[in-house]
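Comments concern the structure below.
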Amino acid sequence: TGTIQAFGGSGIINGERGGAGTIFLKQDTQTYGNLTIDNNKNAGANTTIHADQQLTYESINLTGSAKLKINNTNITTTTFLVTSSATLILTDNVNLTINNGNLTLDSSTLVVNSFNILNITNLIIRSSSTITNNGNLTPTNLDLRTSSSITNNGNLTINSYISESTTTVTNNANGLITFPSSTFTINNTFTNRGSLTTIGGSSSSLIIDSTGKLAQDSKLNLSTLTIKSNGTLTHSANSNTQIYTMNITAINLTIEYNGKINVTEKGYTGGGYSEAGNGPGGAQARSGSAVAGSGAGYGGMGGNGGSDTGKAGSSYGSITAPTNLGSGGGGGDVAGGNGGGVIFLNITDTLNVTGNLIAIGGNGVDATDAGGAGSGGSIYIVTSNFIGNGTINALGGSGGDGGFSDSGGGGAGGRIAVYYTTKSYTGTIQAFGGSGIINGEDGGAGTIFLKQDTQTYGNLTINNGGNSGANTTIHADQQLTYE
C-alpha cells in the first residue's frame, strides 16, 4: 500500500523539469501488464515509447501533467486513461489500437499528428480536455462532455456520438468529419470550415437543436436542414476582408419558431477611434480630430453623423444576386458598428421560415461623438416553395447616442433577393436603414427583390419603414428593368 513513484526532477528557476519515468506492474495472471506514467502534476520534458520497447499493455495510465510522445511505432492496449493535465502526442506513422476498450481524457490533452489511425471503441473526453487531430481519428463511440473541445484538421470518423451543450467542435479547412448516420444533431458549439458529411452522404439530414450553434463557413450540401427553437446557424465574423459567408444547398430547410439563421454583425468591422469603417461601403473618417462617425452604406447610402463628420458610406453590390458583406460604420470617439454577414440558400423543394433569418448591421457605440452604424448584409434565396410566417431582415444598425454632443449616423439597409416557384410566406421581409440617433441621419433603405419563376424581371421594393434618411441609388451596372 506504499508509494511507487518515478517523477521527473525539478528544473530550478528557468530550468525545465525532467520527464516522467515509467512504472510497469504485471500480475502473473496478466498477459501484458499495466503501464503508468506520472509526473506528480508538474509539466516537464516528454516521455517516449520507442519501437524496441514493449508495445502492448492491458492498460496505460498517463497522469500528473506527464507528457507521453509516441514515435513511429504501434501501441496496443485495452484501456488508455489520460488524466490530470497530462498530454498524449502521437507523431507520424503511429497506430494506436484500443482493443474493444476506452481511451478516456479527463482534464488533459491529446494531439494526433499526420498519418495516425486510432482504432478506439470508446473515446471519452471530459473536464475541459482538448483533442487536436491532424491525422486519422476513428473512434466507434465519441462521448464529449463538460467544456471539452475537439479541433479537427484531419479525418474524424464517428459511428456513435454524444455531446453536452458546453462542449466545442471546430472542423478546420482541411478537416473531414463523418458522422454516424443519415441524421446528425448538433447540440453544442460547432464551427465547420471543412467538410461535414454522414455515412448517408448527400442524402444526410442535419438538426441544430435548441442548445446548438453551428458556424458554417464552407459550402454545405444536405438533404434536410432543421433549426429547432433557440437553435442558431451562423458564420464566423469577418474583419477587413470577405472570408466567411454562408452557402447552403438542401432539398428542404425548416427554421422553427425562435430558431434562427443569424449573421448579424458578421460583416466588415467598424472603424476604431476616428477610423474609417472597413468594406466597400465603409464610412470615412474625418482627419485631424475625433467626431461622431457616419453610417456605412450597402443597399442604400449610410446616414451622416452629427455635425462635421466623415463622409457616410456609399451603396454597392447586386440587387438581384446579393453576395456582399455589409460594411463597417465610421469610428468617432468610440468604435463604429460592424456590417451584417452573407446568407445564400439554395433550397430545391421547400423553405419554411417560421423563425428568424437575419443579417443586421451592428449599432455604433454610445459616447460623446458616438460611432456610426454598420450596414445590413445579404440574404439571397433560391427555392421552389417559400412558406412560413417568420422574419427576414437585413436592417442597418443604429448610430451611437452622443447625448449632448454628436450622434452617429445610421447604417444603410442591406440587400435581399428571393427567387421562388410558389409563395405562401406571410412573414416580414425588411431592409430598412438604421436610425441616426438625435442629430445623426438615418441610413438609406436597402433593396428587396422578389421574382417568381413565371416572371421575366421580378419586383423591386425599397422601403425605409417610414423614416426619412439617406438616398438609395440604382447604378447603371445593376438590373434596370422590373415588373
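Heavy atoms only: backbone and side chains are in, while hydrogens, waters and symmetry mates are out.
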Gln54: partners by side chain to side chain contact (heavy atoms under 4.5 Å, CB included), with sequence neighbours left out: Phe24, Tyr32, Tyr57
Salt bridge (Lys or Arg N to Asp or Glu O under 4.0 Å) pairs, two or more places apart, involving residues 48-77: none
Summary of salt bridge (Lys or Arg N to Asp or Glu O under 4.0 Å) pairs that have at least one residue in residues 143-172, sequence neighbours excluded: Asp143-Arg145, Arg145-Glu164
Listed partners of Glu256 passing salt bridge (Lys or Arg N to Asp or Glu O under 4.0 Å), at least two apart: Lys228
Ring geometry between Phe184 and Phe190 (parallel below 30°, tilted from 30 to 60°, perpendicular above 60°): perpendicular
Side chain to side chain contact (heavy atoms under 4.5 Å, CB included) involving Asn171 - partner list, sequence neighbours excluded: Asn152, Ile177, Asn192
Non-hydrogen atoms of Thr241 and Leu325 that approach each other most closely: O-CD1, 4.5 Å
Donor + acceptor pair across side chains of Thr189, Thr168 (<3.5 Å): no
Spatial distance of atom CD1 (Ile23) from atom CG (Asp38) [nearest 0.5 Å]: 6.5 Å
Partners passing side chain to side chain contact (heavy atoms under 4.5 Å, CB included) against Ser384 (at least two apart in sequence or in another chain): Thr421
Side-chain H-bond candidate by donor/acceptor type, Asn221 with Thr249, under 3.5 Å: no
Residue list, side-chain hydrogen bond (donor to acceptor under 3.5 Å, both in side chains) with Ser65, at least two apart or on another chain: none
Residues forming a side chain to side chain contact (heavy atoms under 4.5 Å, CB included) with Ile13, sequence neighbours excluded: none
Any residue meeting side-chain hydrogen bond (donor to acceptor under 3.5 Å, both in side chains) with Thr354, in chain and number order, not counting sequence neighbours: Asn352
Pairs touching residues 237-248 that satisfy salt bridge (Lys or Arg N to Asp or Glu O under 4.0 Å), sequence neighbours left out: none
Residue pairs fulfilling side-chain hydrogen bond (donor to acceptor under 3.5 Å, both in side chains) with at least one residue in residues 337-351, sequence neighbours excluded: Asp349-Asn385, Thr350-Asn385
Ile429 side chain near Leu450 side chain, heavy-atom distance below 4.5 Å: yes
Qualifying salt bridge (Lys or Arg N to Asp or Glu O under 4.0 Å) pairs, either residue in residues 217-226, two or more places apart: Arg193-Asp217
